[in-house]
Amino acid sequence: MPFSPSFILAAPALLLPAALAWTAEAPGFTPSHWLSFGQDPQTLARECRQAKDSAEARLKELAAIPDRDRTFANTPEALEKTLAELSDQTAADTFLKYVSLSSDVRDAGNDCESLVNQFKVEVLSREDLFSAINGYAKKEEPLEGEPRRLLEKELLDFKRNGLLLPASKRKEIKKIKKRLVELETQFSKNLNDVKDSLLVSRQELEGLAEDYIQRLPKEGGLYRVSVDYPDYFPFMENAKNSEARRKLEFLFNNRAAKENLPLLKEALRLRQKAARLLGYPSHADYVLEERMAKNSRSVREFLGNLRKRLEPLAQKELQELSAFKKQAEGASADPVLRAWDWRYYDNQLRKARYDVDKEKIKEYFPIETVLEGMLAVYQRLLGVKFHRIEGAALWNPDVKLYKISDASGGEPLAYFYMDLFPREGKYKHAAAFSLVSGRFLADGRYQKPVSAVVANFTKPSPGRPTFLKHGEHEEVETIFHEFGHIMHQTLTKARFARFSGSSVAWDFVEAPSQMLENWVWDPEVLSSLSGHYKDPSKKLPPELLEKMIASRHFNVGLVHSRQLLFASVDLGYHSRVPADTTALYARLMKDIALFPMSPGTHPEASFGHIMGGYDSGYYGYLWSKVYAQDLFSRFKSAGLLDLGTGLRYRREILEPGSGREEEESLKRFLGREPNNEAFLESLGLAPH
């Protein structure tokens, strides 16, 4: 069943506070003794090495315990605690790689991240530590719940790092994994350092909003458009000049190509080699052993079945866009919809069909109004309260710090930072970073989690606030999504850091956030998020709201076919190493996304997910969306702002983390086995 606004209107009245509360703290306040953001590069490097050395010393003590004296506390739990403390101690150091204004500090953070990750490879390759964990396991002490799960996971970690293999193979696997850390870290750094841009004339900016044009840097009589998201996407959606779009798309899909293509190719080869040494058919099968999908066959079937359902819809949408392009450009126009065409004509046809003008609509979504409304929604839904903290120690003046407490009051539960505007050298996408993990400490206290949401929304200028675009995969939805991750990370009650917050199976991690994207399409919630920047009392007009909701599933076949493309490229790369990564990408793009890859581009060089933890896991965005829509079905029947359902969601989905199987958490919240009916209905497809 397509999205039904008539049902959503039945949601209970949304009562919002006039403003969120503020809390004053001592100057320089930091929410955790682990966090410090003012280090110079030398201090950062020294503290990172010291943290690693301290962890190494504790692990030597653990390994030296005689087997007869081993307990859960001094062996499996001690290993977990040591690695958790190392992550907490170096969290600020590695995070600064992504947010510091200083290139030297970013480089030091990059080196720290590499050092810590290589050390963790070393730990899970050590025979003495495996012997220690195995020695405790042989005692067969009765364990239940999270302790039992922790022991099972640690034993599996050592097995997956070759500890059941001969010494020569173990040595080779360790060498490969340490090299992979270097490759992945450098790949990420190269992407972060990209500064490519295109100089265009005022004529080539026809179609762009005046506020967009005015914020572009000028050089002589030309304007500089970067490949960063705040510049790139509005340009591709609105620039009438096809040649200018072609040039910018070429730059965008060649980001860091010279540096990153060799790194990607080496990583794919080494991943496959390590998997084979460990006895797995492919790297994909190695990775998927620990995911909900379990193996590559399941993922291939999932993607194949979804492709069959989507392809007729996507083909129809492509024909409509191609016809619209021909109408706009004339009979002599290129009949093929190109990579630099589809965003533009998708936006133009949407406006023509639904009279939805994103540039006009965004004036009702100034960022401060959206943020206040969003936080109020989350407060009501999850039974919490947010307070902005003044006087906090921050890494940049644009950053804000908040504390989270239960709505009934009491001690803070957790903290989160918001860093929402672009700057030189900053991480270029939107993401939620877990800085300090929630976990029980030795004295019985629960360590308060700390997270940060990082984004790159256009920075406000004098007399002109930041506007957030609303729409499928647009900025209002993005901030709701990322804040869903923040809630997952901070409202955890998992006993161990390993299972804390969003440390769940990678093909489930997106589900809670994807579910919450639905809230930004509810008329009442939308009203609370909106207010014209010239007069906040003027809410989004009902006629605009109706058009937005009607257009939500416009070109949904092509949009999801692009996700299928990314997932298929990822799975293809990691099932069998391709001779030519670009050729495989081009073939799959034509077959699945249905339009050709631009000649001379290498989009895989900027496919950061497959070198940043999502290798063999990109399918998880679609896989988890099945669960997201199933979760949403409970709220849809109870009411989107029903506190009882929200508290149940908090208790059964957010708090456990991965302290139990994800399937079990789903069943407890849903009260039944999960299914894909709500997901298919959300795409306008019949369940069967």
Side-chain angles (χ1 to χ4, degrees), residues 20 22-23 25 28-32 34-39 44 90-103 105-106 108-110 112-113 188-189 191-194 215 226 228-231 366-372 374-375 378 386-404 414-437 449-461 465-468 475-490 501-502 513 608 612:
L20 294 170
W22 291 49
T23 299
E25 298 284 355
F29 171 80
T30 182
S32 171
W34 299 118
L35 299 177
S36 175
F37 301 111
Q39 303 99 313
L44 190 157
T90 57
D93 300 334
T94 56
F95 179 59
L96 286 171
K97 162 189 173 178
Y98 300 97
V99 297
S100 177
L101 194 59
S102 164
S103 61
V105 170
R106 294 197 304 271
N110 187 72
C112 179
E113 184 177 66
S188 171
K189 182 179 185 299
L191 271 182
N192 220 42
D193 290 345
V194 166
R215 68 174 173 78
S226 76
D228 293 347
Y229 283 10
D231 282 5
I367 191 169
E368 292 301 332
T369 301
V370 172
L371 291 179
E372 184 167 335
M374 178 189 75
L375 295 178
Y378 275 93
F386 304 124
H387 294 77
R388 166 115 181 257
I389 294 177
E390 288 293 290
L394 307 168
W395 55 89
N396 188 275
D398 289 340
V399 179
K400 297 175 182 178
L401 174 64
Y402 295 82
K403 70 178 179 181
I404 309 170
Y415 297 84
F416 66 90
Y417 295 92
M418 280 191 172
D419 184 356
L420 302 181
F421 304 118
R423 55 182 176 270
E424 181 71 26
K426 183 185 169 186
Y427 180 76
K428 298 182 186 300
H429 309 294
F433 292 80
S434 179
L435 303 180
V436 176
S437 295
V450 184
S451 290
V453 59
V454 175
N456 286 274
F457 303 131
T458 303
K459 195 170 182 177
S461 57
T466 293
F467 299 122
L468 300 186
E475 293 161 320
V476 176
E477 192 172 89
T478 292
I479 192 64
F480 256 76
H481 175 101
E482 297 304 339
F483 200 73
H485 285 309
I486 296 293
M487 293 294 92
H488 202 176
Q489 292 167 0
T490 56
S502 57
S513 290

(request) State whether the side chain of Arg106 and the backbone N or O of Leu101 hold a donor-acceptor pair below 3.5 Å, judged by distance alone. (result) yes
(message) Using 0.5 Å steps for rounding, measure from the CG atom of Leu401 to the OG1 atom of Thr30.
(response) 8.0 Å
(message) Looking at every heavy atom in both Gly608 and Leu191, which two are closest together, and how far apart are they?
(response) CA-CD1, 4.0 Å
(request) Would you indicate whether the side-chain heavy atoms of Glu368 and Pro460 approach each other to under 4.5 Å? (result) no
(request) Tell me yes or no: between the side chains of Tyr229 and Glu475, is some donor less than 3.5 Å from an acceptor? (result) no
(message) Once side chain to side chain donor-acceptor pair (under 3.5 Å) is applied, do any residues pair with Ser226, and if so which ones, sequence neighbours excluded?
(response) Asp231
(request) Name all residues meeting the side chain to side chain donor-acceptor pair (under 3.5 Å) criterion together with Ser451; count only those two or more places apart in sequence or in a different chain, and write none if there are none. (result) Gln489
(request) Mind checking salt bridge (charged side-chain N to carboxylate O under 4.0 Å, His left out) for Lys426 and listing every partner two or more places apart, or none if nothing turns up? (result) Asp419
(message) I'd like to check the side chain to side chain contact (heavy atoms under 4.5 Å, CB included) partners of Asp398; sequence neighbours left out, ordered by chain and number.
(response) Asn396, Phe421, Lys459
(message) Between Asp228 and Lys428 (side chain of the first, backbone of the second, donor and acceptor by atom type, cut-off under 3.5 Å), is there such a pair?
(response) no
(message) Within the structure provided, determine whether Thr478 and His481 are in side-chain contact (heavy-atom separation under 4.5 Å).
(response) no
(message) Test side-chain contact (heavy atoms from CB on, under 4.5 Å) on Arg388 and Leu375; report intermediate values, then the result.
(response) CA-CA 11 Å; Arg388 166 115 181 257; Leu375 295 178; over 6 Å; no
(request) Could you tell me which residues satisfy ring pair (Phe, Tyr, Trp, His ring centres under 6.0 Å) with Phe37, sequence neighbours excluded, listed by chain and number? (result) Trp395, Tyr417
(message) Under the rule for side chain to side chain donor-acceptor pair (under 3.5 Å), what residues qualify as partners of Ser100, not counting sequence neighbours?
(response) none
(message) Please enumerate all residues that pass side chain to side chain donor-acceptor pair (under 3.5 Å) together with Thr466, with sequence neighbours excluded.
(response) none
(request) To the nearest 0.5 angstrom, please state how far the OG atom of Ser102 sits from the CG atom of Leu96. (result) 9.5 Å
(request) Identify the heavy atoms of Ile479 and Leu468 that sit nearest to each other, and give their distance. (result) CG2-CD1, 4.5 Å
(request) Answer yes or no: is there a donor N or O on one side and an acceptor on the other, between the side chain of Asn192 and the main chain of Gly425, under 3.5 Å? (result) yes
(request) Give, for atom CD of Glu113 and atom CZ of Phe95, the distance between the pair rounded to the nearest 0.5 Å. (result) 12.0 Å
(request) Look up atom OH in Tyr415 and atom CD1 in Ile389, then write down how far apart they are to the nearest 0.5 Å. (result) 5.5 Å
(request) Would you name the heavy atoms of Cys112 and Leu44 that are closest together and state the gap between them? (result) CB-CD2, 4.1 Å
(request) Check the side chains of His485 and Ser502 for a donor-acceptor pair under 3.5 angstrom, ignoring hydrogens and angles. (result) no
(request) Apply side chain to side chain contact (heavy atoms under 4.5 Å, CB included) to Ala414 and list each qualifying residue two or more places apart in sequence or on a separate chain. (result) Ile404, Pro449, Thr490
(message) Checking Trp34 now: which residues fulfil ring pair (Phe, Tyr, Trp, His ring centres under 6.0 Å) with it, not counting sequence neighbours?
(response) none
(message) The criterion is ring pair (Phe, Tyr, Trp, His ring centres under 6.0 Å); which residues satisfy it with Phe480, sequence neighbours excluded?
(response) Tyr378
(message) To the nearest 0.5 Å, what is the distance between CD on Glu482 and NE2 on His429?
(response) 11.5 Å
(request) List for me each residue that meets side chain to side chain contact (heavy atoms under 4.5 Å, CB included) alongside Ala393, sequence neighbours excluded, and say none if there are none. (result) none
(message) Rounded to the nearest 0.5 Å, what separates atom CZ in Phe29 from atom CG in Leu394?
(response) 11.0 Å
(request) Using ring pair (Phe, Tyr, Trp, His ring centres under 6.0 Å) as the criterion, list what pairs up with Phe416, not counting sequence neighbours. (result) Phe386, Tyr402, Phe483
(request) Go through the steps for Val399 and Val99 under the test side-chain contact (heavy atoms from CB on, under 4.5 Å), then give the verdict. (result) CA-CA 10 Å; Val399 179; Val99 297; over 6 Å; no
